[in-house]
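A, B, ... follow the sequence lines: proteins, then strands. Residue 1 opens every chain.
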There are 2 protein chains.
Amino acid sequence: MTSDAPGRARALAHPDRAEIRLEQVLHALADPVRLSLVCTLAEAGEELPCSAFPVPVTKSTSTHHFRVLREAGVIHQVYRGTAKLNALRRADLDALFPGLLDVVLAARRSQELPARSGA
Amino acid sequence: MTSDAPGRARALAHPDRAEIRLEQVLHALADPVRLSLVCTLAEAGEELPCSAFPVPVTKSTSTHHFRVLREAGVIHQVYRGTAKLNALRRADLDALFPGLLDVVLAARRSQELPARSGA
DNA sequence: GACCTAGTACGAAGGGCATCGTACAAGGGT
DNA sequence: ACCCTTGTACGATGCCCTTCGTACTAGGTC
């Protein structure tokens, strides 16, 4: 075994709530691929493995985007067997930036569908 | 005279409300300098010339940031004599992404001041 | 043990972005 | 007319970021 903590899965570094920076979060959400990941995660309402996300990029690029989201404090990742489960850090984000996540998700949804009202 | 529209000030290109893209707005707000500009503008509550903003960069860099904000649809700029007046596009942003601006401004204000509650 | 699935690490390529300095344009004041 | 203030344009520089391919690790299944 290579780990020094037997019985425990490999650990991943996450920023503490107090370390989450607004600009980093905005930057994380400003990329179309990452915004899509966050949106999928929010709609699922539960933890999802990386393989469950429909992304238009390769696996290594996907890994990169997940790491950006994690290091910005947007998502929480934990190993579970061969998979890695991803969860939104809703409690932390809502505590730090009340309404931000909901507003961004709603805004994105309204832009996804053209839905012009003047038919 | 070099302009073909005598009596009118030089015109600046602004995106129409329908052309404003969420990701572009998020990207515009994700830069510390630009976020500071938007914050100053929001707190002033009125149009401000570029020279009224306390920025830690040179004039040319400042011009660049104002342009990014304008092209993203975050601010409106108009020439007024030798100055250029900047205004937040509140109505457009609130219509497209309700709450986004307020949430971001509030979030930034809460991070500016450490203001830990456990004094 | 052999194999498969899920994800990582690393390096490279390509593009974009923030920043600066300098030279310039536009408008107003004296 | 002259100059000052305000902002622009352009080129250069250096960094960061997205993307990929390939080789690899970790954990589970047969």
Side-chain angles (χ1 to χ4, degrees), chain A residues 1-13 21 23-37 47-72 74-87, chain B residues 1-13 21 23-38 41 47-72 74-87:
Chain A
M1 58 186 75
T2 57
S3 164
D4 55 353
R8 200 137 26 105
R10 295 158 280 170
L12 285 164
R21 307 293 305 159
E23 287 149 19
Q24 224 172 334
V25 170
L26 290 177
H27 172 250
L29 298 179
D31 180 272
V33 174
R34 290 193 292 263
L35 190 51
S36 151
L37 295 179
E47 299 188 323
L48 290 179
C50 296
S51 56
F53 295 80
V55 283
V57 293
T58 63
K59 273 197 303 177
S60 29
T61 303
S62 183
T63 296
H64 161 71
H65 285 305
F66 277 112
R67 180 169 43 223
V68 171
L69 287 172
R70 171 167 48 85
E71 291 178 347
V74 178
I75 65 172
H76 180 87
Q77 298 189 293
V78 61
Y79 284 105
R80 179 80 164 259
T82 65
K84 188 155 82 172
L85 294 183
N86 303 275
Chain B
M1 59 182 74
T2 56
S3 164
D4 55 354
R8 200 130 32 100
R10 297 159 277 169
L12 285 164
R21 306 294 305 159
E23 287 149 19
Q24 223 173 336
V25 170
L26 290 177
H27 172 250
L29 297 178
D31 180 273
V33 175
R34 289 193 292 263
L35 189 52
S36 151
L37 295 179
V38 171
L41 205 47
E47 298 188 323
L48 290 179
C50 296
S51 56
F53 295 81
V55 284
V57 292
T58 64
K59 272 197 303 176
S60 29
T61 303
S62 184
T63 296
H64 161 70
H65 285 305
F66 277 112
R67 179 169 44 224
V68 171
L69 287 172
R70 171 168 47 85
E71 292 179 345
V74 178
I75 65 172
H76 181 88
Q77 297 189 294
V78 61
Y79 284 104
R80 178 80 166 258
T82 65
K84 188 155 82 173
L85 294 184
N86 303 275

Polar atoms only, N or O, under 3.5 Å: list the protein pairs with nucleotides 19-21 of chain D and their distances.
unit_1	atom_1	unit_2	atom_2	d
D/dT19	OP2	A/His65	NE2	2.3
D/dC20	OP2	A/Thr58	N	2.9
D/dC20	OP2	A/Thr58	OG1	3.4
D/dC20	OP2	A/Thr61	OG1	3.1
D/dG21	N7	A/Ser60	OG	3.4
D/dG21	O6	A/Ser60	OG	3.0

Please tabulate, one pair per line, each protein N/O and nucleotide N/O from nucleotides 28-30 of chain C that are separated by under 3.5 Å, including the distance.
none

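Here the straight-line distance linking atom CZ of B/Phe53 with atom CG of B/Asn86 works out to 5.0 Å at 0.5 Å rounding. Separating the NZ atom in B/Lys59 from the OG atom in B/Ser51 is a distance of 10.0 Å, to the nearest 0.5 Å. To the nearest 0.5 Å, atoms CZ (B/Arg34) and OG (B/Ser62) are separated by 11.5 Å.
Taking atom OH of B/Tyr79 as the reference point, atom P of C/dA26 lies 10 Å away to the nearest angstrom. When the C1' atom of C/dA9 is taken as reference, atom CG of A/Leu12 falls 14 Å away, rounded to whole Å. Atom CD in A/Glu71 sits about 14 Å away from atom P in D/dC16, given to the nearest Å. The nearest whole Å value for the distance from the CG atom in B/Leu35 to the P atom in C/dA18 is 13 Å. The CD atom of B/Gln24 sits 13 Å away from the P atom of C/dG16 (whole-angstrom rounding). At whole-Å resolution of the value, CZ in B/Phe66 and C1' in D/dG7 are 11 Å apart. Summarising the geometry, the separation between CG on A/Leu85 and C1' on C/dT5 is reported as 15 Å, rounded to the nearest angstrom. At whole-Å resolution of the value, CD in B/Glu23 and P in C/dC17 are 13 Å apart.
Phosphate contact (OP1/OP2 of D/dA9, side-chain N/O of B/Arg67, threshold under 4.0 Å): present.
Closest approach of B/Val33 to B/Asp31, counting heavy atoms only: N-OD1, 2.9 Å. The heavy-atom pair separating A/Ala72 from A/Val25 by the smallest distance is O-CG2, 3.6 Å.
Shown here are the side-chain contact (heavy atoms from CB on, under 4.5 Å) partners of A/Ala52, two or more places apart in sequence or in another chain: A/Leu48, A/Pro49.
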What do the steps show when you test B/Ile75 against B/Leu41 for side chain to side chain contact (heavy atoms under 4.5 Å, CB included), and what is the final call?
-> CA-CA 9 Å; B/Ile75 65 172; B/Leu41 205 47; 3.8 Å; yes
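Comparing B/Val68 and B/Lys59 by the nucleotide of DNA chain C whose heavy atom lies nearest to each, the residue mapping closer to the 5' end is B/Val68.
The closest donor-acceptor contact from the side chain of B/Arg70 to the backbone of B/Gln77 lies at 3.5 Å or more, if one exists at all.
Within the 4.5 Å cutoff, the side chain of B/Leu35 has heavy atoms near those of the A/Glu23 side chain.
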